[in-house]
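Inspection log for the structure reproduced underneath, given as structure tokens.
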Amino acid sequence: MEYVLFKNRSYRGVISTSYGLYFSHFRLFFKASWLMALVFAVVFAALEMSLSIQLPALSATIMKQELVQKTTLSPEVAQQYLLVVGLTFLLVLLYIIVEALTAATFLNKLKEHHDTNAMTVPNRWFAISCRMMGRTLKGYFLTILTVLIPVVLMSAVFVAVYQFKPTATMTLFVIAFVLSILLGLLYFPMLFVFMKYVMNPGQSYFSLLGPSYTMGLRHWGHIFTTCLIGGLIICLLAGVCCLPTIILAQAHWASQEGFLNGDPLGMPHYINILSYITYFLTGFILVYLCMPMLIIVYYIYGSIITFEQEKNQLAI
């Protein structure tokens with residue numbers, strides 16, 4: 001199979017070439033990324049422990065004190081709850097950072113492929129290339145910021161309108177729902193913006209944003225179709241991988257619900273260790289199930305660039 005980047009491909013060609021490159025060079029990608037994948041798994045497991053065990057347990061304790069026992073919330077529980085919420089927020093931020101750094105280990109090799117149409121296997125197993133980490137991290141946060149600005153502005157407008165006209169709740173909900181779907185669809189070209197920024201180190205993000213987004217918008221159908229089909233494949237595999245995590249999380253939530261109704265927790269003493277190990281293994285596997293999506297976006301970028309160059313040549 002031809003793995004050259006700059007070639008005009010259909011959505012089928014993009015997906016098949018992406019998976020072909022991934023599986024034919026899996027040892028290379030694994031050797032370049034496994035250390036960061038372990039770090040990601042540690043953070044993923046910690047975040048899942050907070051979301052599925054600590055927060056539900058404290059929430060159940062608070063609800064039992066206030067709703068069942070009809071007592072005032074103790075300062076110790078309130079302080080502990082705020083501490084866990086703050087820790088969860090920090091873990092979410094750390095999760096985004098580590099995810100970007102893990103993606104950078106793949107983008108290091110894709111950048112090499114972008115420049116030379118070839119990829120070399122790392123010389124050592126205990127080596128992390130930091131070449132693309134700073135730019136990938138910057139691209140992640142700038143893209144998230146660009147995406148969040150319209151959402152925050154829209155939310156502020158809806159809150160202001162609701163303050164003046166509370167009776168329009170249902171109308172505002174419908175409008176917000178429709179606009180959210182529209183914004184979500186319009187965000188697909190941002191994938192092209194991100195990949196073009198990462199693959200062209202000499203250019204700033206905001207100088208690329210306008211022209212690159214416009215170019216991506218012209219190819220919205222190609223980006224949407226490719227991401228939809230590629231994303232469905234990855235979501236199906238990730239859903240199977242996450243089944244043990246989902247089952248454990250539901251068991252913890254059911255236990256806390258029973259505790260709220262006056263039942264004992266009924267969980268074995270080793271459940272926290274078992275949960276952490278399960279979340280850790282799930283996070284590590286998820287890295288290698290989800291990273292093909294990065295390669296799909298990489299080939300979308302190459303296909304769009306090639307199409308635009310060919311179109312300009314024909315125009316001349």
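The cluster map of Ile, Leu, Val, Met, Phe, Trp and Tyr, joined by side-chain heavy atoms under 4.5 Å apart, puts Val152 and Leu145 in different clusters. In the hydrophobic clustering of ILVMFWY residues, with side-chain heavy atoms under 4.5 Å counting as a link, Leu289 and Leu243 come out apart. Note on Phe141: it does not cluster hydrophobically with Phe89, by side-chain heavy-atom contacts below 4.5 Å among ILVMFWY residues. Linking Ile, Leu, Val, Met, Phe, Trp and Tyr whenever their side-chain heavy atoms come within less than 4.5 Å leaves Ile247 and Leu236 in two separate clusters. Residues Leu179 and Ile149 do not share a hydrophobic cluster, clusters being chains of Ile/Leu/Val/Met/Phe/Trp/Tyr side chains in contact below 4.5 Å.
The side-chain heavy atoms of Leu281 and Ile277, taken from C-beta on, include a pair separated by under 4.5 Å. Under the 4.5 Å side-chain criterion, counting only non-hydrogen atoms from C-beta, Tyr95 is not in contact with Leu91. In this structure, Ile300 and Leu191 have side chains that are not in contact, with every pair of non-hydrogen atoms separated by 4.5 Å or more. When side chains are defined from C-beta on, Val98 does not count as touching Val42, because their heavy atoms never get closer than 4.5 Å. At least one side-chain heavy atom of Leu217 sits less than 4.5 Å from a side-chain heavy atom of Leu186. The closest side-chain heavy-atom distance from Leu51 to Leu47 is below 4.5 Å. Looking at heavy atoms from C-beta onward, Leu107 lies in side-chain contact with Leu110 at the 4.5 angstrom threshold. Put simply, the side chain of Tyr298 does not reach to within 4.5 Å of the side chain of Ser18, judged on heavy atoms.
Checking side-chain atoms of Arg131 against main-chain N and O of Ala104 turns up no donor-acceptor pair under 3.5 Å. A donor-acceptor distance shorter than 3.5 angstrom exists from the side chain of Tyr3 to the backbone of Gly20, with no hydrogens or angles considered. Tyr187 places a side-chain N or O within donor-acceptor distance of the main-chain N or O of Val147, the cut-off being under 3.5 Å. The main-chain N or O of Met132 is found under 3.5 Å from a side-chain atom of Asn108 such that the two form a donor-acceptor pair. Here the side chain of Ser24 pairs a donor or acceptor atom with the backbone of Leu21 at under 3.5 angstrom. The backbone N or O of Ser16 sits nowhere less than 3.5 Å from a side-chain atom of Arg9 that would complete a donor-acceptor pair. Looking only at distances, no side-chain donor or acceptor of Thr116 sits under 3.5 Å from a matching main-chain atom of His113. When atom types are taken as modelled, the side chain of Lys109 and the backbone of Phe29 share no donor-acceptor pair closer than 3.5 angstrom. No donor-acceptor distance shorter than 3.5 angstrom exists from the side chain of Glu48 to the backbone of Thr245, with no hydrogens or angles considered. Put simply, the side chain of Thr105 gets close to the backbone of Thr102: a donor and an acceptor are under 3.5 Å apart.
Taking NZ of Lys196 as the start and CD1 of Ile305 as the end, the distance is 4.5 Å to the nearest 0.5 Å. In this structure, CG on Leu208 lies 6.5 Å from CG on Asn200, to the nearest 0.5 angstrom. Distance CE/Met49 to CD1/Ile273: 9.0 Å, rounded to 0.5 Å. One distance of note links CG of Leu142 with NZ of Lys138; it measures 6.5 Å at 0.5 Å rounding. In this structure, the separation between CE on Met291 and OG on Ser33 is 7.5 Å, given to the nearest 0.5 Å. One distance of note links CD of Gln80 with CG of Leu87; it measures 11.5 Å at 0.5 Å rounding.
Between Val121 and Arg27, the shortest heavy-atom distance links the atoms CG1-NH1, 3.8 Å. The two residues Gly139 and Thr143 have their closest heavy-atom pair at O-OG1, 2.7 Å. For the pair Ala249 and Ser52, the tightest heavy-atom approach, listed with the atom from each and the gap, is CB-CB, 4.0 Å. Here the shortest heavy-atom pairing between Ala176 and Met154 reads O-CE, 4.5 Å. Between Gly221 and Thr225, the shortest heavy-atom contact is O-OG1, 2.8 Å. The minimum heavy-atom distance linking Leu294 with Ala103 is given by the pair CD2-O, 3.7 Å.
Between Phe280 and Tyr276, the ring-plane angle classifies as parallel under the 30° and 60° cut-offs. Between Trp220 and Phe188, the ring planes lie perpendicular to each other; the angle is over 60°, past the 30° to 60° tilted range.
Between the side chains of Thr278 and Ser275, no donor-acceptor pair of N or O atoms lies under 3.5 Å.
A distance of 6.0 Å or more separates the ring centres of Phe44 and Tyr279. With ring centers used as reference points, Phe194 lies under 6.0 Å from Tyr140. Ring to ring, Phe6 and His114 are close: their centroids are under 6.0 angstrom apart.
With a 6.0 Å radius and a threshold of 12 heavy atoms from other residues, nucleotides or ligands, Phe177 has its CZ atom at or below the threshold.
For Tyr299, there are no ring-ring contact (aromatic ring centres under 6.0 Å, His included) partners, not counting sequence neighbours. In this structure Tyr213 satisfies the ring-ring contact (aromatic ring centres under 6.0 Å, His included) test with no other residue, sequence neighbours excluded. For His219, the side chain to side chain donor-acceptor pair (under 3.5 Å) test picks out Glu308, with sequence neighbours left out.
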Side chain to side chain contact (heavy atoms under 4.5 Å, CB included) between Lys7 and Ser303, intermediate numbers included = CA-CA 5 Å; Lys7 180 180 178 180; Ser303 179; over 6 Å; no
Stepwise, does the side chain to side chain contact (heavy atoms under 4.5 Å, CB included) test hold for Thr17 with Val4?
-> CA-CA 9 Å; Thr17 306; Val4 62; over 6 Å; no
Criterion side chain to side chain contact (heavy atoms under 4.5 Å, CB included) on Phe106 and Tyr22, from CA distance to verdict = CA-CA 10 Å; Phe106 283 78; Tyr22 182 63; 3.9 Å; yes
Do Ile96 and Ile144 pass the side chain to side chain contact (heavy atoms under 4.5 Å, CB included) test, and can you show the C-alpha distance, the side-chain angles, and the key distance before you say yes or no?
-> CA-CA 10 Å; Ile96 296 173; Ile144 291 172; 4.0 Å; yes
Passes ring pair (Phe, Tyr, Trp, His ring centres under 6.0 Å), Phe284 versus Tyr288? Steps please.
-> CA-CA 7 Å; Phe284 187 79; Tyr288 296 99; 5.5 Å; yes
